[in-house]
Protein chains: 2
Amino acid sequence: MDGGVKKPGVTSAEVARRAGVSQSAVSRTFTPGASIAPKTRAKVLAAAKELGYRPNAIARSLITNRSRMIAVVMAYLENLFYPGVLEELGRLLAKEDYRLLLFTGFMDRDSDPVFDQLMQYRVDGIVLASTSLSSELSEECAAAGIPVVLFNRTTERDAVSSVTTRNREGGRRVAEFLIAGGHKRFGYISGLESSSTNRDRFGGYQEALAAAGHTDIIVEVGNYDRAEAETAARKMLSREDRPDAIFVANDHMAVAVMDIARHELGLSIPEDLSIVGYDDVGPARWTSYGITSMSQPLKRMVEATVAILMDQIASGEIEAEHRILNGELVVRTSARLPKTGIVELDGRRIYRPGRG
Amino acid sequence: MDGGVKKPGVTSAEVARRAGVSQSAVSRTFTPGASIAPKTRAKVLAAAKELGYRPNAIARSLITNRSRMIAVVMAYLENLFYPGVLEELGRLLAKEDYRLLLFTGFMDRDSDPVFDQLMQYRVDGIVLASTSLSSELSEECAAAGIPVVLFNRTTERDAVSSVTTRNREGGRRVAEFLIAGGHKRFGYISGLESSSTNRDRFGGYQEALAAAGHTDIIVEVGNYDRAEAETAARKMLSREDRPDAIFVANDHMAVAVMDIARHELGLSIPEDLSIVGYDDVGPARWTSYGITSMSQPLKRMVEATVAILMDQIASGEIEAEHRILNGELVVRTSARLPKTGIVELDGRRIYRPGRG
DNA sequence: CATATTTTTGCATACGCATTCATTATGGCA
DNA sequence: TGCCATAATGAATGCGTATGCAAAAATATG
């Protein structure tokens, strides 16, 4: 009825009056490390509690020029890998006393309008998890002193920090594993062709296959999308010379490929067809799928991401830093096993050729 | 080297000087509906572009007493239903020009420390998706004029707004479906026993079963957790009088139950055992599972949530509002089919008893 | 006890912007 | 052209807090 005014909330001045001290004293009470006498502090805390006072983070940000918010840009969350990342990010950022401003659910892959928003909120750092950033924008961030971390992505010119795994080595290992398993015809269902992860995974795969004399890889595009992966699988598997081994660029698509292979085309996995995925995400571990998959160490990746952010926020230096972590090929039931090279490692079966 | 100072960024005063106008004019240029001459506006926009000016949302919030941020509290994201909610929330909130401050990844189900944070940031609204709120806290929100919406949850005393589906009717329908399918022994794997959804789903199930003379339901607790659901399934299915029909309180657990039943205990689904889930989440549709499941209309639920928030923000009135939506029992392959009652509805098979 | 040193305190100011108010420019109409 | 209504403008102020500075209080030292 009164037209929508949010009640203004208790201010530090009101608390000060109540406690019989100055506004400064109230501020100092809530500023760790500030000079304040214990008894004054106690008075202030009492008054604050009575009035239900909470420091206004907005006003604080205006003074300190720090919002204590990190923007996380994640275009889609359908692939469970990303919710996992989000959850871990939330955990670690909270531990560092940072809040998480999430940008998701925009279909156009263009992050520029989102970028405007996040700059207006003066975030202290940016994590880009499923989008890249045009080079002008990343330069603008650098100029503004805002650290940016590309998560699970890199750019050619490595001007912006990134956290990735050894995708090329991963692709190579997948190839070695499949070759050792005695496969003859190799397929690849690709992710987004513009993404660095996809290029690297395919590059390593292709390279190792070529080294073993296999130069004819059957490729279809899945764009990291479930529906497109289904289409790609149908196409690839209804060929006469269909592959007996497929490397799918991530588990999210691999699940779809397995469903199509088994239930639409009646193929047995791994007897008729071996499938290897990437990420080692939740569903890969579910026994219905049991996907043999290159793992990405999610927790350590997120740790590295937060470490880079905190470091650059603290130092003010924002030279690009690149953290590249190792994964393992986790062996399950979706692909035929090589005779050697499989070892047990804290409860998981891992493929490590040469250790075998 | 210089100890970490984020560059202050361009201010409206600088733009004003550059454009040869007052700071007020700059402000009015970026305030929709403000009184500003087209040519002045053009000058300002030009200067702003040159300098790379973006209005400081923090400073604006301080004046307007609106942060244009909505806090979303979501303890865990492992169940794909919630990432879906998050994505849709992000989409709709962006459309309303609101940002999403996410709180996730805290394991203790207690949301109170989180609550402190979110109040400090003076969010304009709160969505609680996997946590409840102590009654004092919800009263504090009401007093502060901050709308709160419980998503997929309710409290007994309905003092705080909520968006849910007809869980009781859903449970009832599942029971009717399983009875019509000729099942004899009924099991239930429960969600969090303290949650309203779980109570309602079980209540309806129990009620309809009792009406048909089945009063002995075998119950195990899964707490909406995958691992616990696995344990529950093992226990329930290794009994001598194991059920031939299980209602699992959500799909996230139903997937685990199916895996255990099939691959650990060698049961055929639906020949030996029928399974019905809840949510109609992604994996339920994957052909490996094909879970017959009560759907929750995610998009409409999120729509309702945002509508309630926008409404209460605009009006300033925050009397609790309850939106209860309808789901459908989507029939797939995880449960034996009744002879009648299955109809086709925009490409899905739906169970509607009495509709023939 | 006087003096030097340290700790604590309040005053005043600034952060970047929106908004009120008084003033000036603009356009409409006779 | 002159007069009035309206639009546009700038100066000033305040949102809630942190912080530099100087004054005051507390403590240590001789």
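Chain naming here is simple, since letters A, B, ... match the order of the sequence lines and numbering starts at 1 in each. Every value quoted in this text rests on a predicted model; they were computed, and no experiment measured them.
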Pairs under 3.5 angstrom, nitrogen or oxygen only, protein versus nucleotides 19-27 of chain D, please.
| residue | atom | partner | partner atom | Å |
| --- | --- | --- | --- | --- |
| dT19(D) | O4 | S24(A) | OG | 3.2 |

Practice item. State which residues pass side-chain hydrogen bond (donor to acceptor under 3.5 Å, both in side chains) with R91(B); sequence neighbours excluded, sorted by chain then number. Key: E88(B)

Revision key, fill the gap. Contacts satisfying ring-ring contact (aromatic ring centres under 6.0 Å, His included) that involve residues 140-161 of chain A (not counting sequence neighbours) are none

Check your understanding: Who pairs with Q120(A) by side chain to side chain contact (heavy atoms under 4.5 Å, CB included), at least two apart in sequence or on another chain?
Key -> R54(B), P55(B), A57(B)

Check your understanding: Does anything in residues 29-59 of chain B pair up under ring-ring contact (aromatic ring centres under 6.0 Å, His included), and if so which pairs, sequence neighbours excluded?
Key -> F30(B)-Y53(B)

Review point. If you look at every strand shown and take non-hydrogen atoms under 4.0 Å, does I58(A) touch a base, only sugar-phosphate, or nothing?
Key: nothing

Review point. Considering residues at least two apart in sequence or located in another chain, which fulfil the side-chain hydrogen bond (donor to acceptor under 3.5 Å, both in side chains) criterion with Q117(A)?
Key: R99(B)

Side-chain donor/acceptor pairs under 3.5 Å, residues 77-86 of chain B, sequence neighbours excluded:
| residue | atom | partner | partner atom | Å |
| --- | --- | --- | --- | --- |
| N79(B) | OD1 | F81(B) | N | 3.0 |

Review point. Got a sec, which residues hit side chain to side chain contact (heavy atoms under 4.5 Å, CB included) with S195(B), two or more places apart in sequence or on another chain?
Key: R153(B), L192(B), T197(B), N198(B), Y224(B)

Review point. Considering residues at least two apart in sequence or located in another chain, which fulfil the side chain to side chain contact (heavy atoms under 4.5 Å, CB included) criterion with R18(B)?
Key: A47(B), E50(B), L51(B)

Show the distances under 3.5 angstrom between N or O atoms of the protein and N or O atoms of nucleotides 4-7 of chain C.
none

Study note, to complete from the structure: Rounded to 10°, the helix from dC1(C)-dG30(D) to dA30(C)-dT1(D) deviates from straight, judged by its five-pair end axes, by 30°

Exercise for review: Can you sort out the partners of R28(A) under side chain to side chain contact (heavy atoms under 4.5 Å, CB included), two or more places apart, ordered by chain and number?
Suggested key: S24(A), A34(A), I36(A)

